[in-house]
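This report concerns only the one structure given below.
Every number for a ligand or one of its atoms is a count from 1 in the order of the listing.
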Amino acid sequence: MVKVRFAPSPTGQLHVGALRTALFNWLFARHHGGSLVLRIEDTDVSRSSEEMTRAILEALKWVGLDWDEGPIYQSQRFEIYRQAAHQLVSLGRAYYCFCTPDEIERRRQEAKARGQHWKYDRHCLHLPEEQKSELLKKGAPAAIRFLMPEGVTEFNDLIHGQISVENKNLEDFVLLRSDGFPTYHLSVVVDDIEARITHVIRGDDHITNTPKQILLYRAFQKEIPQFAHLPLILGPDRKKLSKRHGHTAVLSFRDQGYLPLAFFNFVAQLSWSPGREERIYGREEMIAGFSLERISKGSPVFDLNKLQWLNSRLINEMPVAELIRELRSWLEKRGLWKDAFLTEKKDWLEKLVELVRPRSRTLVELTDMLAPFISNQVDYDPEAVRKHLLDPCLEELLPKLIADFDQLKTFTATELEQVVRGRAEKEGVKAAVFIHALRVLLLGRSVGPGIFEVLELMGKEKTLARLDNLAEARKVIEETGEVKNGRSTKNNL
Ligand code: GLU
């Protein structure tokens, strides 16, 4: 049975690269009906934190990834790693090393001065037996090093193909440090053996670790899993993706209003896609189509525009009721949620969301668009006011329009359009003068959906109150033309 693992170190937030690793392990496990183990690699106790672990689990859950075993915490397994290291010593595959970091550093510098490449010089391998026992008896701090065998280590990476390394280029790496803490190589192999992992799928940055780990499997006389290393993700400047390129933490994308399925698609499509089309694929479709062999070898470039595109596509494709479920917490955070949205105002909200979603790339933008329809307050964009509300003719024309609107028994887009265009004609001004002014007065901004639908959904009462707000809106611009805080203080409808 296929068994894979995702093994994050909780020394920081879960970032895009690690999420892609988790995602491909998950897809691979689900595709093969296998299982996924979640292992928290927190052996570096000083750099790991429970808070980070919680954030990692939260990020995985947000994207919709689950696991079948774990989380297993390496920090609870130190004794197991110690025993394993001593087992290798008794098998003659590892040895005690008493060298202090200072001594090693000195010899490294000497080698450097001689122009030699340094690797551990096996000083302790050659200590006489009596001296070793003496030191151990005295309790001298001792690390355990792997005894690198001669020869060549080869493996067939499922993404990169055949890889081979001459063992003479590898050193007798440390398995257990003198303070009793295991190194990454030891703990990872011990755990993967115990969990009977069949496939190790992880980032390219681990490719150089794999030969050492394969040698450890051999030393333990255990079956070696298959390896697949995912290509490094690059930023738009084609350098390794990092914080320099902006947000890379998974949860920050949640906080920017991306939908989990859009983010799932984006991260998967960095290196693989179930089809040729660039679109949102369902999770089941992804699972059905997944294959490691089809992951591209080349380094993908992280392109935020693509994420925005996928997100707005999903915002527009998903059933509106589902979108409203996603939006609820956003509206709540802004104090805009009303329980009536589940009952008598359900249809109204659905129509409104339908109206504004074509212009929204994220849930944040969508919430911003909805706000003026729900809230009693409008945030006037000073630029929009300057552009469309300073025309002196508005003082005279707007009251006329208000009177026209006031007479309407029903408030539908078609009627409203007739009224606005009719009034413009009568006054000899372009309808656009009204349309632009209305948009700014009602929404606070100069861009938005079709104004007549906006008016209809805003409703008569709110519309009339806002049209009365010209002076108030103009206040966001100081006499000098300096921009003031764009918030209207008046609590209008
Ligand atoms: N803990 C390692 C990391 O976060 C992963 C180890 C592995 O997958 O072998 O990079």
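- With Trp348 as the aromatic partner, Lys345 meets the cation-pi criteria of under 6.0 angstrom to the ring centre and within 45 degrees of the ring axis.
- Other residues, nucleotides and ligands contribute only 12 or fewer heavy atoms inside 6.0 Å of the NZ atom of Lys222.
- Here side-chain hydrogen bond (donor to acceptor under 3.5 Å, both in side chains) pairs that include residues 158-169, with residues two or more places apart or in two chains, are Thr153-Asn167, His160-Asp204, Glu166-Lys168.
- In this structure, Tyr184 has its ring center at least 6.0 angstrom away from the ring center of Phe173.
- Listed as neighbours of ligand 1 are Arg5, Ala7, Pro8, Ser9, Glu41, Tyr184, Val188, Arg202, His206, each bearing a heavy atom under 4.0 Å from the ligand.
- Few gaps surround CD on Glu322; more than 12 heavy atoms of other groups in view lie less than 6.0 Å from it.
- Side chain of Asn311 to main chain of Arg361: a donor-acceptor pair is present (N/O by atom type, distance under 3.5 Å, no hydrogens or angles).
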